[in-house]
Each structure stands twice: as C-alpha cells, then as structure tokens.
Amino acid sequence: MSKLVTKVLATGAAVSMLTLPGLAPVVAAPSLGNGNSAEDSAVPSTPAETGTEKTADSANGTDTAKRTNSGGGAVHHADGAEDSESDAHAAEAGTQVQLLNLTDFHGRISETGTQVASVIEEQRAGFDGAGTAVLSTGDNIGASTYTSSSQNDTPTLDVLNAIGVQASAVGNHEFDRGIDDLTGRVTDEADFPYSAANVYDKGTENVVDGLDEYSVVDVGGVKIAVIGVVTKDTASLVSPDGIAGLDFGDPTDAVNRVVDDIDELPEDEQPDMTVVEAHLGAATTESLEEAEASNAEFKKLVTETDASVDVLFTGHTHLPYKFEAPVPGDPDRTRPVLEAANYGEIVGQVQLTADGDGNWDADAVELLDTADKSYDSPVVDEVAGIVSDAEEKAKELGSEVTGTISEDITRAKKGDDEDRGAESTLGNLVADALKEGVEETQLEEADFGITNPGGLRTDLLCDDIYNDEDECEVTVAELNSVLPFANDHGVVTMKGEDVIGLFEEQWQPDESSRPFLHLGISDDLDVVYDSNADKGEHVKSVKVDGKEIDPKDDYRVATLSFLAAGGDNFTSFAKGDFEQSGLTDFETWENYFNKHQDEGKDVTPDKNERQAEAAKDVISSGDLEAELTGPKAIKPGESADFVLTTDAKSKVAGPVDVTVDLPEGYTAEAAGKSSTQSTSADAPEVSAEDEAAKTMTLDSIPAGESETPVTVTAPKDASGDVTVKVSLQANADGPWWDDNPLPLAHEFKATATVGDDANASAGDDGSADGGADGGNADGGDSAAGGADGSSAAGGASADADGANASADGGSADGSGSDANGSKDGGDLPRTGFETFNIVAAALALIVAGGTAVTLVRRRRINS
C-alpha cells in the first residue's frame, strides 16, 4: 500500500539548512486512509534513516539538509508538531503566491540547466508575495542526452535538487527502468517527493509503495497540496516487464478521489491551495476548444476536475500553451491550464492572490522563455558546477568516434517539430541496424527489423560536434542520444498475420495522444497502406524481399524489448516469442556504425520510401489510365499484336517498372509505331539495370495518351488461349518521400485464341483487362485503364478481378491464376516471365510517342 507521507525537510532543530529566497519546505501529507495504515505515515526519527539527506552544499560549503524557505513557512511533521505557529484557516485575502513549473526536462542539463536556474532564481528574487513554489510535471529523467544518461540521470536529479524543486508528478519516463528503480534509486536521489495518485498495485486502487498520492508544500505559511497523476498511456509507453505489477487508472478520477479525501481532513490539516501536476496534455494549442478535442484524457481533466483545484499544470505532449478554463459548476470563475513545453526551454509561471474565501485569482499566467538567460546567484553557480562535472565525466565516456555519416540522418519533421506520424531516414536506419545486428549474435538471422518512432530521441547531424571530432563524425555519446533507453535487443518470431497486425496498429487507439505512429522498417520490407480505409483494413500490401507476406508463415522480426512486450500499443508483437540477443539496442546500434567504420564506409540515409500511401496511387485515383488490348487470335508459330495504352492527366514521376508475363514458349517483340500514337518531346530514357531480374524502368510517364503494339509469337505446337499480362508499379529506388505515385502493382491482361484455324487479324477488335492489387474493378465494372471485363468480338477475352469471359470455348480468370481453356482441356505452363528488352522498347514507344520510331522493329528479347 502507499505511503502517503512525503519526505520531511528536517526532523530536528539541529539540522542546518541553506536558505533560498522564496523556497518553502515540503510538508508531510496527512494519512487519508484508503487502506493506508498509521504506520505508513511514520517518519524516521533521524535523517540517517531516511537515506535522502544531502550534505556539502557547494554554494556555501556548509552541511545542509533539504532546502527550506526564508519566507516564514512552518515545517510540518507527521506527528502534527510544527516548528512555528501557522493558521489553519484559508489564506488571508490579498496573500500572494508564485508557482514556477517545469515539465519534460529529460535530463537536458547541458542544454538548459543554468538557464532554467537563472529564470527561477530571478523570479524568486523579484516576487514580493508570500513565496515561490517550484514544481514539475514529470519526465525529469529518461530519454536524456548523454551527459546525464551516461550517469543514470544522477546529474539531472542533482540539478533539480539544487534548483529547489519541491514536488513532482511521475512521468512515463520515470518508469523507463521499472518501478523498483523509481521507488528505490530515483526517489532516494531526489530531494523532492514524486506523486502518482493513479498508479496502483495491480487489481487495486492502492497507490504503489514508494510513491505519494499528493504532497504539501508550505510557501510562506501557505499550504499547497500538489496532486500528481500520469497518463494512462504509460502502460504502453514503457517496457511492460518493468510495470508488470501496476495498473494506471484514470487520472481525473484519481484527482477527484484525492480531493474528496483532502476535504475530509480536519480543518487545521487542510491546504490553502490545491494544484494538479498531470503528466498528460493537449495535442494542439490553437484554442482551448481545439486542445480539448485533440485528447479525451486532457478534456476530461480540464472539464471534470473538482472545482476546488486552483491550477492545472500539464505535460507529456511537449507543447507550450496557456489557457483560462471555466471551473466546473462555477461559470463565473476560470483557472489556469498550462504546459511548459519541454527540455527546460520554458518555465511555466502562475501568480495568484487569495480572496479570503478559499479561492485564488490568477494575476499572471506566463510561459517564460529560458533561452540565453543568465542570473547571478549561488544556486545558478551550483547548477553550473554540477553540469560541468557531469560533462567532463561524460566526455571521457562518450568522445570515442564510432563512425561517420555522409549527410544528416533525421527523424520525420512537420515544420521544425518532430512528426512521429511520418517515415524517416533515421527510423529506417535503426531498423536496418536491429536486423543486421542479429547476425553478430547466437540467434538465427531475422527476416527484417522494426522500430518505433518514439524511441528516436534526436537526429544525427553532421554539424553536431560533441567534443573535438570532425564534421560528420559520430561519437558514442551522439549515438546514445538517439537510442537512450537501453532496451534489450532480440528477435520476435511471429505469424505473418500478426506482422500485418503491427502495421494496422500504427493507427493508435482512439484516446491515444498521437493517432498514428509510423514504424521504422528495414529495407527487406515494402508496405502499402490506405489511410482512408476503415479501421482494421488500412494495410493493403506487406512484402518481404519482394514477396507478399504469408499470413500463416512464421517470420523473425528483429526489434527491441519495449516493442516485443507490446509497447506503444503494438500488441501484435506480444503474440510472438521473444529471444534476447544479450545486447541492448544501443550496443547493436553502435556495432552497426563500428562495422561501417572498419570497412571505411560512411553510414548513409536511404531516402527511398519503404511504406507508401495507397491514396497517392495515380491509377487508383484516376489520374492515370492504362489498358492492354489483345488481338482476335494467333496462329501457332505466328505473331499478333497486343496494344498497351496509357493516358495520364499530367506527367507521372518515375522511375516506373513495367513487367510482362507470358506462358512458357511464347516470345514478345517490339512492334512498329501505331497510327494512333501521340508524340511527346518529354520522352524519358529507358533502362534495364539487371538482366537476370529482367527489370525494365521508365524515368517517367508523360502527360497525354501513348500506345504501342507489342508483338507476341506463339510456339508452333501452341493451342487453346494465351493470356498476356502487363503490370505497372513504381520502382523502389524512386526519389519520392510519402508521395509514391504507383505504390501498388497494377496488372492489365488480354487473352487471345491460339489455333491453326485462327484468324490472326491483330489489334482491330481485341479486348482489354485492367486491374490493380488492392484497387481492382469487380465483375463487369471498368478497371483502372478502362477494361470492362466483357467478352470481345472474335473470341478474345478480358476479365477484371475474376469476371470471366469465354473465348472460343476457352476462358481466362482475372485472379492471376494460369490461363486455361485449350480445346483439349490442357493447361499451358506458366513461367512468371518478366520481359527485358521488349518492355524497354515497348514502353519507350508508350512514353515517347512518335520520337520512338528509331527503335528496331520486331527485335527478339526473350523466350
């Protein structure tokens, strides 16, 4: 059960204290019951028993316990005794108090430590009221830069102690190393209490041992109750193994429960003011209404928190905002709701005046910028000393150069802000490293790698110089700043259907603070999704090494323990079996750079798209139409023309791959220019880079209509029907990023009869068949490219998505299976053959129109 009592500043008059202007002592929160015994409220009789007292103050060389305020506030003890008398009733009218707040500091002591201290010290010194309370909304530690993270964030806690933080909520990152680390090492090193009113022992509403529901800060005789809560999302934001025995309840319900308990206290124990530190926040800042609409958890906090709460400090979303929100049930009053951005770049400020009836009016609500701030103060000097010592130690640990980058490798951005909903070169690179790292362990190789965007905490930039390394050199410290969490590395073996589920889970649950999290994936994967599709139906294609994933097969996924346990709501991972490699994600990351360094190679960003949006597909949208028309028939041993036509509303950026599929024994050749071909001065070059793969690539497809005949020659012993298939799809080496014009393979088919008595009049009244994976026409509907699936005159057949049309007794099905319908009922064998020179020549005609007449007529390309 929870110990409701917070740490007391001193337990005896003999303890000397450093006096900071406006800094008040922490008061023990009275026991409220709720299953917590009187023993839970006991305070150790000597400082040595608490394990939390700090000595050797660097500012004046004196031995100190926790800092107290010179503003005249009493130090309250668990037995109810006071060091001086104080009023038990509401603060007198006109009493003024200042609250200064940090959130999501994330160990940025080198970046903003002295600036934060300067702002706080200057505001303390300039405030004429009863005093100043310094509070935090959590994520003080975790996801820290190397100066702090290399030393387990102890330097950050030392900085916060020096600044005089008096109470903090827990953030989700306080749980990064598990609940035992938080309630043991972290709380021992912090001179302030951590509150977590909605963090319960599993299956109960007992706040977990070692954390408080609330604490009381005494500022110049004004008692301020500080209730801390954390987002329910914490259960999915940290490694599940470290919080296995915990439940994260509704934050607002927890606040109101504690408020009710406080209200039941004897009058002389009740606080003068109640403040909430809630590690949750809005996802947009344009207005209070839009902020509430952006996050249901935030809206409930603002609109349903008890009216006795005077200020709501929020966090987690790293956004700066300040609102005056209506007080529930009291339309004539408002209360401040604010968030102080992140990384110590902002200090939130609220100055309030008591009205004498228990209410407080906000005189000032500000977001104070800390950039370039400097203030002459012993506290600032102490912080500077802590930071300097930490930096020196970190430089020894982290200055080793571990590799080089060819250019910046970054997270996705929207403007200047990180965008976790888009693809990034950094995310994909980390996934490559996780996959490749398996090869250096005892584990069997992985099929691909996956990482989450929230695990990427900074960019790799050529101009970032950690110590004295050269431009574009990367140090251990810089690598650690990208992956600071020390997750276990390993492989999850899971079914293909669960892999598909992972990509579907990129669309987060409705109440999540971020609606979409874009997974980083290794280059073994190609994913196509449709963001406009219904929930559960977004994913259109997942290919592993170019082959569509089999839902029933097993796949080995290199990842990190946070995701393997179902973190970030990627619960499909938890259905698989996780094998640890014995390395951390950071060690795998470092090894990846070391290997490149040993080979004398830069690490380079892959700017090719690995996940593509089907909504951008130009064929699905109707911006490009394609059609394949077949002849009436072909005689055995002779040839006839199939005609491929494209019609683009505007130029389609390439490269675009074009493939042709024929039965075994058939060959294809480029035919002469059609009389209906358009001309174009925008003819791209056509290349076939890999003859073995028989891949042909177009630079682009120009605007307008182009068509070209492709001559198909039948074997001398052929009979039945022949189905020709042509497909278009963007080449994976395209320059686009999140706007792939043809992410899906679109296949177009036409069928002709083969026989000795066939009339091989080519091209005059054949038929067409068009379809696209994930976006085909059904039955007789027109497919992309204009095919209607109807039977063509003369017996050639076309079908779209399985609509079959007969042809002289034969049939072809549009599902992609082998063509059949020979007169003797036999099947023609298929090869999956993809053309090489034929398609290069044919598509050059398509895109170049009349300029392609120099191509050799009837050139043999393959058989």
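Values reported hereafter were calculated over all heavy atoms of this structure, with side chains retained and with hydrogens, waters and symmetry mates removed.
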Chi angles and distances behind the side chain to side chain donor-acceptor pair (under 3.5 Å) call for Q508, N569 | CA-CA 7 Å; Q508 293 279 288; N569 296 306; 2.9 Å; yes
Once the angle between the rings of H596 and Y592 is folded into 0 to 90°, is it parallel (under 30°), tilted (30 to 60°) or perpendicular (over 60°)?
-> tilted
Take atom CG in D598; do more than 12 heavy atoms of anything else shown fall under 6.0 Å from it?
-> yes
Start with the C-alpha gap between R610 and D526, add the side-chain angles, then the distance that decides, and say whether salt bridge (Lys or Arg N to Asp or Glu O under 4.0 Å) holds.
-> CA-CA 5 Å; R610 297 181 182 178; D526 292 291; over 6 Å; no
Please state whether the rings of H173 and F485 are parallel, tilted or perpendicular, taking 30° and 60° as the class boundaries.
-> parallel
Would K575 and E497 pass as an ion pair if we require N to O under 4.0 Å?
-> no
Note, T584 side chain near E587 side chain (heavy atom, < 4.5 Å) = yes
Ionic contact status for K413 with D459, cut-off 4.0 Å = yes
Do K495 and D554 meet the salt-bridge criterion of a basic N to acidic O distance under 4.0 Å?
-> yes
Heavy-atom pair of closest approach, residues D606 and T425 | O-CG2, 3.8 Å
Identify the two heavy atoms, one from P484 and one from V482, that lie closest to each other, and give their separation to 0.1 Å.
-> CD-O, 3.3 Å
Check step by step if side chain to side chain contact (heavy atoms under 4.5 Å, CB included) holds for N591 and L583.
-> CA-CA 10 Å; N591 290 343; L583 302 175; 4.1 Å; yes
Between R420 and E418, does a side chain to side chain contact (heavy atoms under 4.5 Å, CB included) hold up when you go through it step by step?
-> CA-CA 6 Å; R420 297 185 186 179; E418 177 193 6; 3.2 Å; yes
Measuring from I521:CD1 to D432:CG, what's the distance to the nearest 0.5 Å?
-> 9.5 Å
Are L525 and V542 side-chain neighbours, meaning at least one heavy-atom pair lies under 4.5 Å?
-> yes
Pick out which of L237, L280, I243 makes a side-chain contact (heavy atoms from CB on, under 4.5 Å) with N172.
-> L237
In sequence, state the C-alpha distance, the side-chain angles, and the governing distance for H106 and H318, and then conclude on ring-ring contact (aromatic ring centres under 6.0 Å, His included).
-> CA-CA 11 Å; H106 290 295; H318 292 206; 5.3 Å; yes
So CG of N487 and CG of L434: to nearest 0.5 Å the spacing works out to 10.0 Å
So, does E440 use its side chain to make a donor-acceptor pair with the main chain of V438 at under 3.5 Å?
-> no
Verify side chain to side chain contact (heavy atoms under 4.5 Å, CB included) between S150 and N480, making sure each step is shown before the conclusion.
-> CA-CA 8 Å; S150 63; N480 183 265; 5.9 Å; no
Can any side-chain N or O of S236 pair as donor or acceptor with the backbone N or O of G567 at less than 3.5 Å?
-> no
Got a salt bridge between E391 and K393, using NZ or NE/NH1/NH2 to carboxylate O under 4.0 Å?
-> no
For S522 and G449, indicate whether the former's side chain and the latter's backbone hold a donor-acceptor pair under 3.5 Å.
-> yes
Carboxylate-amine/guanidinium proximity below 4.0 Å for E579 and R556 | yes
Starting at OG1 of T317, measure out to CZ of R514 and round the result to the nearest 0.5 Å.
-> 7.5 Å
What one should report as the nearest heavy-atom pair of R411 and L426 is CG-CD2, 3.8 Å
Which pair of heavy atoms, one from A648 and one from P702, lies closest together, and at what distance?
-> CB-O, 3.6 Å
Salt bridge between R108 and E345, side-chain N to carboxylate O under 4.0 Å?
-> no
Does the pair E613 and D530 meet the rule for a side chain to side chain contact (heavy atoms under 4.5 Å, CB included), with working shown?
-> CA-CA 6 Å; E613 168 65 90; D530 184 354; 3.9 Å; yes
S294 (side chain) donor-acceptor with A283 (main chain) under 3.5 angstrom | yes
Might you work through the salt bridge (Lys or Arg N to Asp or Glu O under 4.0 Å) test for E537 and K535, ending with a clear yes or no?
-> CA-CA 5 Å; E537 299 179 3; K535 186 174 183 179; over 6 Å; no
Tested for side-chain contact (heavy atoms from CB on, under 4.5 Å) against F578, the lone hit among V491, L560, V492 is V492
Taking the side chain as every heavy atom from C-beta outward, state whether N740 and K616 have any pair of such atoms under 4.5 Å apart.
-> no
Would you call D524 and K435 a salt bridge, using N to O less than 4.0 angstrom?
-> yes
